[in-house]
Each structure stands twice: as structure tokens, then as C-alpha cells.
Protein chains: 2
Amino acid sequence: MSQQLFEQFLEQHCLKMTQQRREIYEEILKLEDHFDVDTLLWRLKQQGKAISKATIYRTLQLLLEYGLLKKTQVSPDGAEILYDACPEGCASDNLVCTECGKVIRFNKAAVCQLCTEIAGQHGFAPSSHCLNIFALCPACQQATSKTQGEQHEKA
Amino acid sequence: MSQQLFEQFLEQHCLKMTQQRREIYEEILKLEDHFDVDTLLWRLKQQGKAISKATIYRTLQLLLEYGLLKKTQVSPDGAEILYDACPEGCASDNLVCTECGKVIRFNKAAVCQLCTEIAGQHGFAPSSHCLNIFALCPACQQATSKTQGEQHEKA
DNA sequence: GTCGCGATTGAGAATCAGTCTCAACCGCCT
DNA sequence: AGGCGGTTGAGACTGATTCTCAATCGCGAC
């Protein structure tokens with residue numbers, strides 16, 4: 001996804017490309033996969049780009065509306081929500097480590113197929129989906145098994 | 001899921017079964033599948049059960065921690081979050097109508113299998129997952145196709 | 001190049017969901 | 001019945017997000 005795409009979107013919807021929108025979007029592209037609003041705010045501030053909170057939220061709102069961004073729940077109890085830059089059309093899913101919060105994005109045709117199938121069974125016309133798999137990453141598995149060696153019962 | 005189960009959980013964790021907790025949990029059982037905090041608050045108030053906001057949130061927090069409840073994002077842009085009563089162990093998924101917000105819960109072994117497989121491919125040890133399929137329910141499909149008959153191009 | 005209009009912005013106020021505080025209260029064990 | 005510690009309620013508090021509105025900017029028209 002590029003600046004061009006963003007500009008196209010703005011134009012299509014009779015919106016203006018402003019300095020602020022450009023900077024916010026550039027920063028999102030740099031952040032790649034996923035980020036939270038605080039990080040974005042903080043990084044822009046670090047670069048002396050004094051864009052107001054309101055503008056950042058407004059821009060994120062735009063991106064969400066046009067599907068250039070989506071929100072994702074990154075813990076089973078719904079605690080944290082990150083924004084997740086999302087290449088158009090592609091419903092990318094996340095593999096989230098429940099311990100360290102590491103997120104791996106992936107894109108499996110099988111998931112889309114399954115969703116379409118399930119929706120079809122209920123007479124629904126599928127549009128998109130959102131799958132988060134909560135699991136322990138290799139590093140955290142090691143850490144955990146070590147700890148369990150010491151105290152074998154749960155704390 | 002029943003009151004018994006809840007009592008077991010409380011006991012296991014050295015927590016007391018109070019009038020308030022019982023009433024909140026009863027109401028959640030009545031609400032079945034999914035609900036939001038406002039609905040719960042409102043319904044309890046309707047019944048003259050003047051349970052404070054704080055207590056309700058505290059109880060929900062408990063249920064979340066012990067996995068008797070989970071949070072679910074019910075729109076692609078992450079707008080609404082519902083609590084979703086969740087029978088133990090079973091990771092149930094949702095089919096959500098993007099138009100009217102109707103939610104259908106389902107439970108497909110194939111989804112779990114796929115998640116386990118994907119996690120495995122990345123060396124992750126799967127624990128749970130959360131899948132929401134966003135689609136148009138039959139009723140809303142009809143409504144939409146009618147509208148499109150009148151104005152065939154996008155608004 | 002510059003004019004003008006409507007869209008956009010910034011600063012801070014407002015809102016709102018959720019959390020915290022702490023004294024009063026209650027469940028449960030003895 | 002008595003007492004301890006967990007639980008509750010009311011409302012203050014917090015922090016994220018949205019709103020307000022005057023000042024500013026982007027961009028098409030001239």
C-alpha cells in the first residue's frame with residue numbers, strides 16, 4: 001500500500017490531501033503491520049510533527065471507514081486494541097502471543113474459504129472476516145517450560 | 001452453563017457468592033449469546049435490581065478472567081464490543097451482519113483445526129482463537145437488492 | 001499568481017466508558 | 001451471636017476519544 005493509494009482514496013471521496021494527512025499516513029506505512037494510537041502519536045511528536053490528537057483520530061477514522069485500516073483485538077479478554085494497516089481487499093489475520101504480545105500477520109486462502117462456506121450455510125453473503133489466534137510463541141514456550149520446571153503446580 | 005458452574009468457580013478461587021453476583025450472572029444467562037454492558041445495566045435496573053456500575057464491571061472482569069465470558073469485536077472497524085457468554089472450553093465464533101448487527105454464534109471443528117495448523121506452522125502453541133465473519137444476513141440482502149434496483153450506482 | 005470557498009486543523013473543552021476509593025455492609029466460619 | 005475479610009455503592013477520577021469553533025489551508029477559477 002502506498003501514498004498513491006491513499007491519494008486515490010481521498011480524491012474518490014472528495015477529500016483533500018493535506019500535509020497532516022500525508023505525514024500521518026507516511027508514519028503508518030513506516031510502522032507497518034500493527035501499532036496503537038499512542039505509538040503513532042508519540043512517534044509523530046518525536047519527529048517534531050506537531051499534529052493534534054484530534055487530527056490523528058480523524059485521519060484514523062477515515063482510514064477505518066475506507067478499509068485502509070482495521071482494528072484488531074489482541075488479547076482474548078479484549079484488553080488491547082491495535083490498528084492494523086490492511087492492504088486493500090486482503091483480510092489478513094493475526095497470530096498473537098498471549099504472553100509477550102508479539103503479532104504475526106498471515107493470510108491463508110483456507111481461512112477465507114472456510115468463512116465463505118460458513119456464511120453460505122447460514123444464507124449470509126460474506127464480506128470480510130477477522131481471525132485472531134491466541135497462542136504461545138516459541139520464545140515464550142521455552143520461558144514457560146523453564147518456570148514450570150521449578151514450580152510444577154499452577155501459581 | 002449454569003449457576004452451579006459459576007459457584008464452583010467462585011469457590012475454587014476463594015470468592016464469595018453474593019446476592020449481586022448471583023443476580024448479574026442470572027441476567028447474563030437470560031441474555032444468552034451476546035450482549036453489551038449497557039443492556040445488562042439497563043435490564044438489571046428495569047428489574048429494580050439496583051446494582052452499581054462498579055459491581056457490574058467488577059463481576060464482568062471476574063468472568064472474563066476466568067474465561068466464562070469473552071469480548072468480541074462486532075464490526076470490521078472495531079466499533080462495538082460485546083460480551084459473549086462462553087461455555088467453558090468452547091471457543092465459539094460469530095457470524096455478524098454488517099447491516100443490522102445480528103449475531104449468530106457457531107462452533108466449527110474445522111476452524112479450530114485450521115487455527116491449530118496455522119499456529120503450528122509458526123511454532124506457536126495454540127490456546128484459543130476468535131473468529132468473526134462479517135456478512136450480510138438474508139433479510140438485509142433483500143433490503144439491499146431492493147435499494148440497488150432504484151439507484152444502481154454507488155451513492 | 002492570487003482569490004475565495006469550503007474542507008481541514010488545533011487547542012482545549014466535553015463526553016463517556018470503565019476504574020478507583022473508602023466507608024459501610026455482608027457472607028461465612030467459629 | 002461475633003468477627004474477619006471480602007464485597008459493595010456512590011461518586012470522584014481517569015484516560016481515550018470526540019466535539020467545537022475560530023483560524024488556516026488546499027485547490028479550482030480567474
Phosphate-side-chain proximity, [X] and [N], N/O vs OP1/OP2 below 4.0 Å:
X	N	value
T18(B)	dG6(D)	no
T55(B)	dG9(D)	yes
Q20(A)	dG10(C)	yes
Y57(A)	dT18(D)	no

Between V37(B) and C14(A), name the one whose nearest nucleotide on DNA chain C is closer to the 5' end.
C14(A)
Round to a whole Å and report the spacing from [atom1] of [X] to [atom2] of [N].
X	N	atom1	atom2	answer
I51(A)	dT24(D)	CD1	P	18 Å
K16(A)	dT9(C)	NZ	P	10 Å
Q19(B)	dA24(C)	CD	P	22 Å
E23(B)	dT8(D)	CD	P	11 Å
R58(A)	dC25(D)	CZ	C1'	13 Å
L62(B)	dT7(D)	CG	P	8 Å
K49(A)	dG10(C)	NZ	C1'	18 Å
H13(B)	dT7(D)	NE2	P	13 Å

Close side-chain approach of D93(A) to N132(A), heavy-atom, < 4.5 Å:
no
Counting distance alone, no hydrogens or angles: does the base of dG9(D) have a donor or acceptor under 3.5 Å from a partner atom on the side chain of K53(B)?
no
Do E23(A) and Q19(A) have a side chain donor and acceptor closer than 3.5 Å?
yes
Would you check if there is a donor-acceptor pair between the side chains of E117(A) and Q113(A) at a distance under 3.5 Å?
no
Is there a donor-acceptor contact under 3.5 Å from the side chain of E99(A) to the main chain of C140(A)?
no
Listed nucleotide nearest any side-chain atom of [X], set [options]:
X	options	value
M17(A)	dT8(C), dC27(D), dT8(D)	dC27(D)
L15(B)	dA11(C), dG18(C), dT7(D)	dT7(D)
A54(B)	dA10(D), dT17(D), dA16(D)	dA10(D)

Given DNA chain D, 5'-ward residue of the pair K71(A) and R21(B), judged by closest heavy atom:
R21(B)
Common cluster, L62(A)/Y57(A), ILVMFWY with side-chain heavy-atom separation under 4.5 Å:
yes
